[in-house]
Engineer: 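I have a structure here, written as structure tokens, and I will follow up with some questions on it.
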Amino acid sequence: MQKQLSPEAEKLRESTLELYPDLADDDVAQAVLQTGLEALDMVTKAQRQVEDEGMVVKGDRGNTKAHPLLPVIRDQRAQFLACLKALRLDLAVVEQGQQAGPGRPTDFQLYQKRHGGRA
């Protein structure tokens, strides 16, 4: 049974399937996408709560400590990015010939540079 997604996550699902129609026919890809979007929803909810309550909360003994949802945010972000990677959507921008973000070039970019842009 699939968890109900937020309207934002549902919109992201629709735009992803529109850009990559092959994903719509693959049950495994659909499950991975669903997992990633659920993780993104969890990140959004946890971030809102941390914004409301602050990054630091009072502990049970009156001391201050990091908000207990901070590890949840970290882990769910990692889950979302892992799902993108599993679907190979993390490379989609590079493969479409668009400029990747800052950082080291990908193997694909290095290959294209060595071979004059031919894949």
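Given the structure is predicted, the values throughout are model-derived calculations rather than measurements.
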Engineer: Which heavy atom in A9 sits nearest to a heavy atom in L37, and how many Å separate them?
Structural biologist: O-CD1, 3.8 Å
Engineer: Should R13 and E10 be marked as a salt bridge (Lys or Arg N to Asp or Glu O under 4.0 Å) after you check the CA-CA gap, both sets of side-chain angles, and the distance that decides it?
Structural biologist: CA-CA 5 Å; R13 171 199 295 283; E10 196 59 52; 3.4 Å; yes
Engineer: With heavy-atom distances below 4.5 Å as the criterion, would you say the side chains of Q76 and K45 are in contact?
Structural biologist: no
Engineer: When hydrophobic residues are tied together by side-chain contacts of less than 4.5 Å, even through go-betweens, does L84 share a cluster with M42?
Structural biologist: no
Engineer: Determine whether V56 and K65 make a side-chain contact, defined as any pair of heavy atoms from C-beta on separated by less than 4.5 Å.
Structural biologist: no
Engineer: Going by heavy atoms in the side chains, are L12 and E8 under 4.5 Å from each other?
Structural biologist: no
Engineer: Does the side chain of L33 reach to within under 4.5 Å of the side chain of L17, using non-hydrogen atoms?
Structural biologist: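 Contact flag for L33/L17 side chains = yes.
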Engineer: Is the backbone of L5 close enough, under 3.5 Å, to the side chain of D41 for a donor and an acceptor to pair up by distance?
Structural biologist: no
Engineer: Is any side-chain heavy atom of T64 closer than 4.5 Å to one of V57?
Structural biologist: no
Engineer: Look up atom CZ in R48 and atom OG1 in T44, then write down how far apart they are to the nearest 0.5 Å.
Structural biologist: 6.0 Å
Engineer: Please test Q34 against Q30 for side chain to side chain donor-acceptor pair (under 3.5 Å), starting from the C-alpha separation and ending with a verdict.
Structural biologist: CA-CA 6 Å; Q34 176 73 22; Q30 287 285 323; over 6 Å; no
Engineer: Go through the steps for Q49 and E53 under the test side chain to side chain donor-acceptor pair (under 3.5 Å), then give the verdict.
Structural biologist: CA-CA 6 Å; Q49 188 168 345; E53 297 172 5; 3.1 Å; yes
